[in-house]
Amino acid sequence: MALGGVLITVGALLTFSDKIPLIGRLPGDIFIQRENFSFYFPLTSGILLSVILSVLLWFFRSKY
């Protein structure tokens, strides 16, 4: 059930990310746009998400 809740939350964040400030637009996120090509790599956003999830999982694991 927890995994389902996480997947729903991540899906909602991806769907509404253009309306949430600073998600996907952090300094360090790589965005390259050319004439017929655009490339986006959310480096800083991915690192931040990883740190937040690691802290949350550590907290819940140490509690039980």
Without swapping roles, check the side chain of Asp29 against the backbone of Ser45 for a donor-acceptor pair under 3.5 Å.
yes

Got a donor-acceptor contact below 3.5 angstrom from the Ser50 side chain to the Gly46 backbone?
no

With sequence neighbours excluded, what pairs up with [X] under the side-chain contact (heavy atoms from CB on, under 4.5 Å) test?
{"X": "Ile52", "result": "Leu48, Leu56"}
{"X": "Leu3", "result": "Leu7"}
{"X": "Gln33", "result": "Phe31, Ser38"}

For Leu49, what are the other residues in its hydrophobic cluster, where any two members join if their side-chain heavy atoms are less than 4.5 angstrom apart?
Leu53

Once you round to the nearest 0.5 Å, how far does CD1 of Ile32 lie from CZ of Phe37?
6.5 Å

Treat each ILVMFWY residue as a node, draw an edge where side-chain heavy atoms are under 4.5 Å apart, and state whether Leu43 and Phe39 are in one component.
yes

